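What follows is a single structure, written as structure tokens, with notes after it.
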Amino acid sequence: MSAMLRGSKRTSPEARMVPLLSGKAAPTACLRVASIATIGLCLTLWVRAKTVDQEQRGNAERRAIFVGLWPPMLWLIGESLRDPSDPVG
């Protein structure tokens with residue numbers, strides 16, 4: 001098994017994912033729009049969390065915080081797809 005690993009070139013999952021997505025599944029502009037839209041969704045969920053009763057407020061706030069983690073992830077995925085040959089961004 002070690003001879004098989006020595007002969008093959010192993011790449012990280014990130015290195016395989018960027019060429020797979022670039023130019024096919026999600027262009028940079030779509031991911032930027034999705035990132036901005038999730039900011040609006042997060043703010044909407046957070047405002048809505050203030051209107052629910054005290055028993056459900058914690059769950060609603062956690063949901064808003066969870067959705068608030070999506071915008072930077074979507075934005076950075078879009079940036080990595082912009083120029084996949086540039087490792088820094």
Side-chain angles (χ1 to χ4, degrees):
M1 172 130 177
S2 63
M4 194 166 72
L5 289 177
R6 279 183 283 168
S8 66
K9 191 174 184 181
R10 305 277 311 213
T11 59
S12 67
E14 296 86 10
R16 292 183 297 220
M17 187 61 73
V18 171
L20 179 69
L21 288 175
S22 64
K24 291 184 181 178
T28 302
C30 290
L31 286 167
R32 286 182 180 172
V33 169
S35 176
I36 293 170
T38 55
I39 292 172
L41 177 62
C42 174
L43 291 174
T44 303
L45 288 172
W46 182 69
V47 168
R48 186 180 173 280
K50 301 299 178 194
T51 63
V52 297
D53 62 343
Q54 191 65 28
E55 292 177 2
Q56 298 176 353
R57 185 169 294 169
N59 189 28
E61 287 176 350
R62 282 190 294 275
R63 186 178 305 120
I65 291 170
F66 175 70
V67 171
L69 296 173
W70 297 352
M73 176 195 62
L74 293 172
W75 192 276
L76 290 174
I77 291 172
E79 287 298 310
S80 69
L81 295 177
R82 187 174 57 158
D83 187 11
S85 64
D86 185 12
V88 177

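Values in this document were obtained by computation on a predicted structure and should not be read as measured data.
- For R62, the side-chain contact (heavy atoms from CB on, under 4.5 Å) partners at least two apart in sequence or on another chain are N59.
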Got a list of side-chain donor-acceptor pairs under 3.5 Å for residues 47-56, not counting sequence neighbours?
{"residue": "K50", "atom": "NZ", "partner": "E61", "partner atom": "OE2", "Å": "3.0"}
{"residue": "T51", "atom": "OG1", "partner": "R48", "partner atom": "O", "Å": "2.6"}
{"residue": "Q54", "atom": "OE1", "partner": "R57", "partner atom": "NH1", "Å": "3.4"}

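- Note: the hydrophobic cluster containing L45 also contains F66 (ILVMFWY, side chain heavy atoms under 4.5 Å, direct or indirect links).
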Can you give each donor-acceptor pair under 3.5 Å made by side-chain atoms of residues 30-44, sequence neighbours left out, with the distance rounded to 0.1 Å?
{"residue": "R32", "atom": "NE", "partner": "E79", "partner atom": "OE2", "Å": "3.3"}
{"residue": "R32", "atom": "NH2", "partner": "E79", "partner atom": "OE2", "Å": "2.4"}
{"residue": "S35", "atom": "OG", "partner": "P71", "partner atom": "O", "Å": "2.9"}
{"residue": "T38", "atom": "OG1", "partner": "A34", "partner atom": "O", "Å": "3.2"}
{"residue": "T38", "atom": "OG1", "partner": "S35", "partner atom": "O", "Å": "2.7"}
{"residue": "T44", "atom": "OG1", "partner": "G40", "partner atom": "O", "Å": "2.8"}

